[in-house]
Amino acid sequence: MRETMRELGLAVVLTAFAVFGLFASAAIKVGVAVVDPLGPARYPQLLFALFLALSLVYLIRQIIKFVRERRMPVAEVAADAEVDAEASVSVARPIAVVAALVGYVLVFEIIGYVVATTLLLFVVHIIFGIRKKWWLAAIVSLAAAVLLKLFFGELLLVPLPTGPWLF
Amino acid sequence: MSDVAYALSELIQPFTLLLLVIGAIWGIVSSAIPGMSTAVGLALLLPLTFTLTPIESVVLLAATWSGMEYGGAIPAILINTPGSPASAATTLDGHALFKQGQGGKALGAALVWGLIAQFVSVIVCTILIIPLSRALLQFGPLEIFAVAIFGLTIVTSFGGSGMVKAGLSLLFGLLVATVGFDPFSGTARLTFGSFDLEEGFGIVPVLIGLFAIGELLIQASRRTNTARIDMKKVNLSAKLPSLKELNAMKKTGAIGTAIGIVVGIMPGAGGMAASYAAWNEARRWSKEPEKFGKGSMEGVVASESANNANIPGSIVPMLTFGVPGDAAAAVFMGALLIQGIRPGSELFSQNVDILWTLLFALILANPVILGLGMALIKPAIRLVSLPKAYVQAGILGLVVTGAYAAGNSGFDILIVAGMGVVGWAMLRFGFSAGAATLGLVLGELLESNLRRALTLSDGFGFFFSSPIATTMFALALLTLFAPLLGRLLPHNRRRRAAERATTAEEIIGAQEEAMEGTDRTVGTDAEPKA
């Protein structure tokens, strides 16, 4: 049941995305120097229209499934809930990883690649459940950041941001 | 002929050979990590290919791809956990053999038959590619557009995730490809005023986001942390099969190879479909079908020869028509596009050396893998037994640095994160990241050929002016609507209703098994070698 509700939510998001896309692609400026009959806007519009059609099919299917499950006898709902409990997993941890990545982008040009990467990797260790051996995670994070810096920065000559302390 | 000689001379450069070895090692070891599918393993290397020449990157990726098909068999046989989906069929018999003390022999058979199958497959595919490439020269924009459409429809019906979900994934990929300057008119499309988006989404951040971060977020959401493995219990090395044993398996090997090639050439199916189909077919032809699933060497040989033969097979439609056979081939095609190499007639007229290098690398990778395959069994298993946190943090470090290196901008890391969320949702709800990749790499080809064809046209009838294109459109329609028509037949409806009762239970069982397969706490059922 909960899984069906999640998919229902996803179907709504996809439909909204398609509608938004149709408006966005309608706003594409078609210049005067259009060399082909289709122009720049028609193709994305066609794709968004197809996307909308398919997401509506998906939405309708999920609604039917949802209604059907609501009518299910109580015993089956309970059994279903068990399956749901197994399928349900931490959502907080993936969100924390994404937040850590966004934070990384915000600071890594200020505090430098090595420091920022060490922090990012350490945080990810913690998110993945390292607690007692946090000191080991810290050492591994620093070592990995330095190795990556040497490999990409020195060997492949990628200009990585240095921050105020030149590394 | 000079192209062949040139490709060979490039391949035997010391640095290129070093890349071949590095690729093979990375392939074998990385594919042991649960959730590291071939597409993820290849996608992680994309940032590195920026610093390499086209030939070098093709060699690195070909060796990695070959290594991953063998490497996936190591955890499949030793700890009943397929390293990559393509090795899932290997667990059926491989782990049973290990429990019977035949693990070393099973590994040896996987190694040798994978090698033979891939060699035969490269030869067959080379023979196929040459006439196809000649026919390709006759293709204009309309024909290329029609082939691309056909390729896309096959994917939606093969994806294993249902037509609606595969179709949505594909359209997402196609839409991502439209962002940025329109190549025909120079108009900025769907950039929402962002300068960073004017060049469009880079292939590297999108692919590593979808595959690597998507998988990492899935791993983060699962609560199990470690696969504890008692290293003493997996203390064994591969035993290569004797000539007599090879001879006894030749029928099975041939079945696996043939199915691997055919399934590889069909767009959308991939290594897992190939190895399961081969396992099934080998059982039907076997003298001892009852042993399958309980420790049949034939089962291992069928599965492993099929997933190796699948690689060159899936390269055929990718190189000729620009329609990759599966997610791994789509990532490989992304790597070619990064280097400015466009599969199709352009490849055969301007970059034939790349084609030959790729085919040679797929052959040459095998002796390297044979040599390393035995030595790397232990390190690969050790990597599986590390706490997940260390492995995933390492992957994340590689991903963010690689994404930054590819574009020199923090914005690319944000794309990686965003696409990671999309990839996570796709995995979580059974959409197809492979289909999205196909859309991404085919998008520009599809649109530009459609618009070029329309510029030449004088009306709607133009679409049916070419027999090749008309055939392709007809096939595309057939692929799209055949399943729907089949469903409407009264005979099939009854059968489906009867099946539904059992399949719901089966599906849940299979899902649980798959969850367990990637994340179970192993060791308890790993028994010592006899």
Side-chain angles (χ1 to χ4, degrees), chain A residues 6-7 10 14 21 24-25 28-31 33-41 43-44 47-48 50-51 54-55 57-58 61 83 86 89-91 93-94 96-98 101-102 104-105 108-109 113 117 120-122 124-125 127-130 137 140-141 144-145 148 152 156-160, chain B residues 47-48 50-51 164-165 167-168 171-172 174-175 178 182 184-190 192 213 216-223 225 387-390 392-394 396-398 400-402 404-405 408 410-411 413-414 416-417 420-421 424-425 429 447 450-452 454-455 457 508 511-512 515:
Chain A
R6 282 191 205 107
E7 282 215 43
L10 181 66
L14 291 178
S25 52
I28 294 173
K29 286 193 196 84
V30 183
V34 174
V35 284
D36 65 306
L38 218 52
Y43 174 76
L47 293 180
F48 274 118
L50 285 172
F51 198 99
L54 281 183
S55 55
V57 173
Y58 183 46
R61 276 188 188 172
V83 177
E86 263 182 51
V89 280
S90 162
V91 191
R93 280 163 46 158
V97 173
V98 175
L101 269 175
V102 174
Y104 178 75
V105 176
F108 89 123
E109 276 173 342
Y113 173 82
T117 308
L120 172 72
L121 299 191
F122 180 70
V124 168
H125 278 106
I127 295 173
F128 269 87
I130 299 279
V140 170
S141 302
L148 284 166
F152 280 93
L156 301 184
L157 302 175
V158 175
L160 297 166
Chain B
L48 299 186
F50 272 90
T51 57
V164 172
K165 286 183 178 178
L168 284 169
L171 285 168
F172 177 77
L174 289 171
L175 280 167
T178 63
D182 166 35
F184 280 72
S185 62
T187 315
R189 297 194 293 186
L190 306 172
F192 305 102
I213 298 295
L216 190 138
L217 295 179
I218 285 282
Q219 295 291 337
S221 68
R222 292 196 185 137
R223 293 184 202 282
N225 267 316
K388 199 160 73 175
Y390 297 108
Q392 297 298 334
L396 190 72
L398 200 59
V400 291
T401 319
Y404 182 81
N408 268 325
F411 185 72
I413 302 178
L414 289 180
V416 167
V421 175
W424 170 78
F429 293 104
E447 185 186 4
L450 169 67
R451 288 168 71 178
R452 226 169 274 151
L454 281 173
T455 313
S457 79
I508 292 169
Q511 278 173 347
E512 277 171 0
M515 294 279 282

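Chain naming here is simple, since letters A, B, ... match the order of the sequence lines and numbering starts at 1 in each. Please read these numbers as outputs of a predicted model, since none were measured by experiment.
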Looking at chain A, which one of [options] has the largest number of heavy-atom pairs inside 4.5 Å, strictly under?
options                                : value
B:Leu396, B:Leu168, B:Leu217           : B:Leu168
B:Leu48, B:Val416, B:Thr401            : B:Thr401
B:Val400, B:Ile213, B:Ile218           : B:Val400
B:Leu450, B:Val421, B:Asn408, B:Leu175 : B:Leu175

Task: Check: A:Ser25 main-chain N/O paired with B:Arg189 side-chain donor or acceptor under 3.5 Å - done: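 Judged by distance alone, no pair lies under 3.5 Å.
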What part of [X] lies closer than 4.5 angstrom to a heavy atom of chain B: side chain, backbone, both or neither?
X        : value
A:Ala24  : both
A:Val102 : both
A:Leu14  : side chain
A:Tyr58  : both
A:Leu120 : side chain
A:Phe122 : neither

Task: Candidate pair A:Phe152 and B:Thr51, rule side-chain contact (heavy atoms from CB on, under 4.5 Å), full reasoning - done: CA-CA 10 Å; A:Phe152 280 93; B:Thr51 57; over 6 Å; no
Task: Top contributor to chain B interface from A:Val57, A:Leu157, A:Thr117, A:Leu10 [non-hydrogen pairs under 4.5 Å] - done: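 The option with the most such pairs is A:Leu10.
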Task: Spatial distance of atom NE2 (A:His125) from atom NZ (B:Lys388) [nearest 0.5 Å] - done: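 One finds 13.0 Å between NE2 of A:His125 and NZ of B:Lys388.
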Task: For B:Phe50, side-chain contact (heavy atoms from CB on, under 4.5 Å) partners two or more places apart - done: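 In terms of side-chain contact (heavy atoms from CB on, under 4.5 Å), with neighbours along the sequence ignored, B:Phe50 is linked to B:Val204, B:Ile338, B:Ala406.
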Open item on the list: Checking A:Ala96 now: which residues fulfil side-chain contact (heavy atoms from CB on, under 4.5 Å) with it, not counting sequence neighbours?
Closed with: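 Expected list: A:Ile127.
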TODO: Heavy atoms only: give me the nearest A:Pro94-B:Trp424 pair and the separation to one decimal.
DONE: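 Shortest heavy-atom contact: CG-NE1, 4.4 Å.
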TODO: Return the minimal non-hydrogen interatomic distance between A:Leu121 and B:Ala393, and the atom names on each side.
DONE: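 Distance-wise, the nearest heavy atoms are CD2-O, 3.3 Å.
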- [ ] State, with a plain yes or no, whether a side-chain heavy atom of A:Pro40 is found less than 4.5 Å away from one of B:Arg451.
- [x]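 They are in side-chain contact.
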Task: Which portion of B:Leu216 sits near chain A, non-hydrogen atoms under 4.5 angstrom - done: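 Both backbone and side chain of B:Leu216 come within 4.5 Å of chain A.
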